[in-house]
Amino acid sequence: DTEVTQTPKHLVMGMTNKKSLKCEQHMGHRAMYWYKQKAKKPPELMFVYSYEKLSINESVPSRFSPECPNSSLLNLHLHALQPEDSALYLCASSQDRTSGGVYETQYFGPGTRLLVL
Amino acid sequence: AQSVTQLDSQVPVFEEAPVELRCNYSSSVSVYLFWYVQYPNQGLQLLLKYLSGSTLVKGINGFEAEFNKSQTSFHLRKPSVHISDTAEYFCAVGGGGSNYKLTFGKGTLLTVNP
């Protein structure tokens with residue numbers, strides 16, 4: 001089973017709202033990722049969690065706040081977003097071996113399509 | 001630093017014709033190569049990957065790709081396409097000193113016409 005699930009599928013929010021995106025995987029993967037994808041563009045990495053700790057933050061604005069409550073769940077908390085934040089938000093997961101030089105395949109979820117009004 | 005170039009932004013073909021989607025990469029270290037497909041309004045699905053070993057890689061839905069180190073290429077091929085293959089295809093490279101970062105190409109929109 002290589003399934004990553006994301007909820008909700010669609011989300012419309014105002015610029016003053018607070019909302020959260022959720023991602024779940026049951027593959028035993030210990031690395032989880034958030035990507036942002038604008039229309040007709042490739043995904044852009046936002047955050048990486050490794051063993052429930054934030055490993056990479058690609059200089060993402062603080063209005064995006066990630067959280068990894070356990071090894072299966074990844075949240076993205078949204079607050080005071082701008083219309084330009086409207087995009088498809090993709091979650092991914094991969095194995096995370098401690099030995100170096102091993103690259104693990106990332107498996108993506110279906111995404112949450114976010115519209116900020 | 002790594003980079004990926006997908007030479008064609010759009011490739012229109014007729015149903016049952018063969019197709020090749022081109023991907024070139026640059027990296028100063030060993031890399032791992034991937035093709036992902038994105039159907040309209042969906043997430044990314046892994047088509048195939050090259051991590052090591054045989055340079056000819058077979059994936060899902062009848063696709064295959066060949067890793068060519070001397071030409072730094074990883075072109076995707078299918079001998080006979082279907083209407084349902086219409087999608088955006090992304091080539092990506094991983095590794096290069098980071099176990100987490102994937103560098104994507106800009107994507108190729110494959111449109112299969114009847």
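- Hydrophobic clustering (side-chain heavy atoms under 4.5 Å, transitive across Ile, Leu, Val, Met, Phe, Trp, Tyr) keeps A/L76 apart from A/L45.
- The candidate with the highest count of non-hydrogen atom pairs below 4.5 Å against chain A, out of B/L109, B/L102, B/N41, B/T103, is B/L102.
- Atom-to-atom distance recorded for A/L88:CG and B/Q42:CD is 10.5 Å, nearest 0.5 angstrom.
- No side-chain heavy atom of A/Q106 sits less than 4.5 Å from a side-chain heavy atom of B/K101.
- Sorted by first and then second residue, the side chain to side chain donor-acceptor pair (under 3.5 Å) pairs involving residues 105-114 of chain B (not counting sequence neighbours) are B/Q6-B/T108.
- Every residue meeting the side chain to side chain contact (heavy atoms under 4.5 Å, CB included) condition with A/K38, not counting sequence neighbours, appears here in chain and number order: A/K36, A/K41, A/A87.
- For chain A, no part of B/Q45 is nearby; none of its heavy atoms comes within less than 4.5 Å.
- Taking chain B as the reference chain and counting heavy-atom pairs below 4.5 Å, the highest number among A/K9, A/E44, A/Q37 is found for A/Q37.
- Contact between A/P42 and B/F90 at its shortest, heavy atoms only, is CA-CE2, 3.5 Å.
- Ion pair B/K49/A/E104 not flagged as a salt bridge, since none of the NZ, NE, NH1 or NH2 atoms sits closer than 4.0 Å to an Asp/Glu carboxylate oxygen.
- Legend: residues meeting side chain to side chain contact (heavy atoms under 4.5 Å, CB included) with A/A31, ordered by chain and number and at least two apart, are A/Y33, A/S94, A/D96, B/Y100.
- No single ILVMFWY cluster, assembled from side-chain heavy atoms under 4.5 Å apart, contains both B/V31 and B/L7.
- Shortest non-hydrogen contact noted between B/L44 and A/P43 is CD2-CG, 3.9 Å.
- Proximity to chain A is absent for every atom of B/E88, based on heavy atoms less than 4.5 angstrom apart.
- Along residues 14-21 of chain A, no residue comes nearer than 4.5 angstrom to chain B, judged on non-hydrogen atoms.
- With a 4.5 angstrom heavy-atom cutoff, A/E58 touches chain B only via side-chain atoms.
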